[in-house]
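Take a look at the structure below.
Hydrogens, waters and symmetry mates play no part in the numbers below; they use all other heavy atoms, side chains included. Per chain, numbering begins at 1; letters A, B, ... match sequence-line order.
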Protein chains: 2
Amino acid sequence: MQGGSSGGQRSQRVTISDLARRLDISKASVSYALNGRSGVSEETRQRVLSLAAELGFHPNSAAVALSASRTRTIGIVIARDPALISTEAFYMRTLVGIEQYLNEVDSSLLLRLTGEQGQDLDVLRRWSRQGRVDGFILFDEHNDDPRIPLLKELGVPCVVVSSNAPDDGVGRLISSPEQTVRLLVGHLEELGHKEIAHVSGPFTFVHEQLRVKLLKEHAEARGIRVTHLEGNYQYADGAALTRKLLKSKKRPTALVLGNDLMAVAALRVAVELGTAVPDELSIIAWDDSPLCELALPGITAVDQQTMERGRMAADLLFRIAAGESGLHWETPSGVLRVRDSTAPA
Amino acid sequence: MQGGSSGGQRSQRVTISDLARRLDISKASVSYALNGRSGVSEETRQRVLSLAAELGFHPNSAAVALSASRTRTIGIVIARDPALISTEAFYMRTLVGIEQYLNEVDSSLLLRLTGEQGQDLDVLRRWSRQGRVDGFILFDEHNDDPRIPLLKELGVPCVVVSSNAPDDGVGRLISSPEQTVRLLVGHLEELGHKEIAHVSGPFTFVHEQLRVKLLKEHAEARGIRVTHLEGNYQYADGAALTRKLLKSKKRPTALVLGNDLMAVAALRVAVELGTAVPDELSIIAWDDSPLCELALPGITAVDQQTMERGRMAADLLFRIAAGESGLHWETPSGVLRVRDSTAPA
DNA sequence: CTGAAAGCGCTTACAG
DNA sequence: CTGAAAGCGCTTACAG
C-alpha cells in the first residue's frame, strides 16, 4: 500500500492541497482563485485555474457543503402512488423543466419517491437535518399542508408549486386556475354548451378546490350549469363517473376531466355507450399529454406549460435560497389545445 | 448575534458534539453507539439512541461523506431529448423501481437530465470527482460506450441496465431480448404470420441491435420473413415508416414497433390508409405503456417489467459498491400482454 | 468499554 | 496580495 489514505480503488483525487503544493502557494489562495474571490493576483488566479483544469480538479462536494453550508442541490419528495407517478406525464415534464434550470446553474436534484403519504415528511425532515439540500420544491399542496410549517420550522427554503397564495412567507409559484378557467368556459360558451359536468381530481388538493370553485363561478356567470363530481385521477374512476353522468337524466353536453387519464376514460365510456364524441358529447382534459394528443378523436386539453413551470420553480427556489424572501411568481397562463373532442352543443 | 456560527435562520442543528456533551461522554462513543459499532456498553448505546431520537438528531451528510467517503447516494444521468424523456414512460417507471429500493435502504438518487449527449460525460466525471455519489446506474448503452471506460478510470462503480454482457468487469443488469423475442415470434407464429416487419429504435443502442439480430434469427428459423427498418422512437418516424411499409409490394401482415409511441403511430397510419387492425394488420409494441393499453384497439405489447428492473439495478449497484465485484444479474423475463391489435394473418 | 486526537477537503476571518 | 490557522461535523485507528 503506497500513499493512499482511504479510497484504494478510486483514482487519486486531486485536492486543493495538491494544487497549493504544486504551485507553492497556500490552500487559501487556491480557494480564493477558484471561487473568483478577491485576495489573489490575477496572475496567480490564472495559474491556479489552468492547473486545476489540467489536473481535472473538482472540489469535493462534501467538503464544500461542510464548510460552506451550500450543497447546490435541491430536494424533491413526491408522495404519490408509484403507479400514478409513472402514468402521469406531469411529473416527468416538470422534472425536465427543473433540470433545464439546474443544468444552467450546475446544480443537482435529489429525488425521492415515497409511495405513501406521511413518509414524505420524514424524508423532508431528515434531508433538512442532514443538510443534504439547499431547499425543496413541493408538489401537490394539501389543505393545511403539514410540509409547509415543518420546513419553516426547520428553516429550509421551499417553493410550493401551488395555485393559491396565502401570505405565509414561503416561496410560491402561483398558477391561478383563473386564466385556465376563462379559457375553458370561453371555449364551451362559444360552442353553445349550457349544461356541463366537471370531474375533478381529489378535493384534498388545494388546486382542485380552486378549479372547482372558479369553474362553477365563471360558468354560471355565463349561464352555464355545472355538475361537479370528485374523481381520483385514475382511469377506472373517470370511467365510472362518466358512466354515471351519461346515464343521468340531466345529461351534460360537455365534460371537463381533471386529467388526461380520466379524459381518455370518458372518451372510452362514451364510445361504449354509443354516445358520439364530439357530436353528442364534448370532452376536455385539464392537463395535456400524449394521451390526449394521440386519442381518437384527439382530446381538447389545457397545456399547462408544465416544463416552463418546473423551470420557474427551480429558479425561484434558488433566489429564495440566496436570500430574497417570500417571493411569489405567477406562472405563464395555460394554452388551450383545441382538438377534435369538442364541438357545438 | 448570539452563538450562531453561520446558518442564522436554520434552526439549531443537533450534532454529535451536542449529544456527547449532554451525555457527558466522548464524540467517539456517540458515533459508535449511533452506528451500531462495538466500543460502547449497551447501556450507553441506549442512552445515546434515545437522546438522539428525542432531539431529532440526524448526522450531517456532508460530514459523513467527508470522513467516511460514503454518500448513500446513487447518480443517474440521462442524455436524451427532454421531449422524449417525458414521453417515454419507461424512464419514470424505472425511476420508480429504483426508488422503491432506495426507500428500503434509505438512500437517495441524484438525478440529472442533460439534454445533449456528451454533456452527460461531464456530469459523470464531475460527480465522481466531487465525490457526490457512490455509484451510477447507466441507461441506453451505446456501441463502445465512452461512459464505461470513463467510470472505470474514475474508479466509480456502475451498473449498466443493458442487454449484452461483455465481461468487462462492470456491473450489468442483463436483460437479454432472447426471451422477449421468443414470446413475440411464438405469438406471431401461432397466428400464422409469414411476413412481418420490425421498426426498431436507433441502431446506436446496443439493445436495439440485439433485438434486430435475434428477432431475425428466431423468426427465420420458423419460416417467418422479417423486414427491418430503423426508427428513432418518435411518433412521426413511426408513422412515416409504417406508411412506407404498407405501401410496399411485399406488405407485411404484422408490424413490431420498437416502442409504444411508434406503435400508436402505426395504428393511426393503418386506420388512415384504410387498413384494418388487427384483421389486415397486426401490431405489437416492444414496450408496454398506458398508450398501448388505452389505444383503440388495445395494442399487444411486451411488458418489460421495467419497475422490477429498476429495483434490481439499484440493488445490484449497492452490492457492487459494497465490494462484490463484476456482478451480472439477469432480469426477469418480459411478459406479452396480448390485446386486440393482433389476430391471425 | 471509553476518551483524546488526527484527519477528511474545503472556506473564511484574521494577521501580515 | 498572501499565508497560517481554526473550524465545519463526522469517523477511525490508537491508547488507556
How many whole angstroms separate atom [atom1] of [X] from atom [atom2] of [N]?
{"X": "Lys27(A)", "N": "dG7(D)", "atom1": "NZ", "atom2": "P", "value": "14 Å"}
{"X": "Arg70(A)", "N": "dG9(C)", "atom1": "CZ", "atom2": "P", "value": "18 Å"}
{"X": "Leu34(A)", "N": "dT11(C)", "atom1": "CG", "atom2": "C1'", "value": "12 Å"}
{"X": "Gln130(A)", "N": "dC8(D)", "atom1": "CD", "atom2": "C1'", "value": "16 Å"}
{"X": "Arg132(A)", "N": "dG9(D)", "atom1": "CZ", "atom2": "P", "value": "17 Å"}
{"X": "Leu23(A)", "N": "dC1(D)", "atom1": "CG", "atom2": "C1'", "value": "16 Å"}
{"X": "Ile16(A)", "N": "dT2(D)", "atom1": "CD1", "atom2": "P", "value": "16 Å"}
{"X": "Arg37(A)", "N": "dC1(D)", "atom1": "CZ", "atom2": "P", "value": "15 Å"}

Grab the N/O contacts between the protein and nucleotides 13-16 of chain D below 3.5 Å, and write none if there aren't any.
from	atom 1	to	atom 2	distance (Å)
dA13(D)	N7	Tyr32(B)	OH	3.4
dA13(D)	N6	Tyr32(B)	OH	2.7

Does [X] come within less than 4.0 Å of [Y], counting only side-chain N to carboxylate O?
{"X": "Asp106(A)", "Y": "Arg72(A)", "value": "no"}
{"X": "Arg311(B)", "Y": "Glu104(B)", "value": "yes"}
{"X": "Arg22(B)", "Y": "Asp18(B)", "value": "no"}
{"X": "Arg112(A)", "Y": "Asp120(A)", "value": "no"}
{"X": "Glu330(B)", "Y": "Arg172(B)", "value": "no"}

Side-chain atoms of Leu66(B) come closest, of dC8(C), dG3(C), dG3(D), to dC8(C)
For a quick test of reading the model: is some side-chain N or O of [X] closer than 4.0 Å to OP1 or OP2 of [N]?
{"X": "Ser67(B)", "N": "dT11(D)", "result": "no"}
{"X": "Ser29(B)", "N": "dT2(C)", "result": "no"}
{"X": "Ser41(B)", "N": "dT2(C)", "result": "yes"}
{"X": "Thr15(B)", "N": "dG9(D)", "result": "no"}

Identify the two heavy atoms, one from [X] and one from [Y], that lie closest to each other, and give their separation to 0.1 Å.
{"X": "Gly310(B)", "Y": "Ile98(B)", "answer": "O-CG1, 3.2 Å"}
{"X": "Val161(A)", "Y": "Ala313(A)", "answer": "CG2-CB, 4.0 Å"}
{"X": "Cys158(B)", "Y": "Leu151(B)", "answer": "CB-CD1, 3.7 Å"}
{"X": "Leu113(A)", "Y": "Glu99(B)", "answer": "N-OE1, 3.3 Å"}
{"X": "Val156(B)", "Y": "Gly135(B)", "answer": "CG1-CA, 3.8 Å"}

Name every residue in residues 43-57 of chain B that has at least one heavy atom under 4.0 Å from any atom of DNA chain D, in order of residue number, or write none if there are no such residues.
-> Phe57(B)
For DNA chain D, produce a single dot-bracket line, 5' to 3'. Pairs: Watson-Crick or G-U wobble, both distances under 3.5 Å. Symbols: ( ) within strand, [ ] crossing, | other strand, . unpaired.
-> |||.||||||||.|||
Would you say Val48(B) and Thr44(B) make side-chain contact, with heavy atoms under 4.5 Å?
-> yes
Full working for side chain to side chain contact (heavy atoms under 4.5 Å, CB included) between Asn60(B) and Gln130(A) = CA-CA 4 Å; Asn60(B) 179 289; Gln130(A) 290 178 159; over 6 Å; no
With heavy atoms under 4.0 Å as the rule, sort Ser31(A) into base, sugar-phosphate or nothing.
-> base
Which sits closer to the 5' end of DNA chain C, Val40(B) or His58(A), going by the nucleotide each is nearest to?
-> Val40(B)
Does Asn35(A) or Ser38(B) map to a spot on DNA chain C nearer the 5' end, using the closest nucleotide for each?
-> Ser38(B)
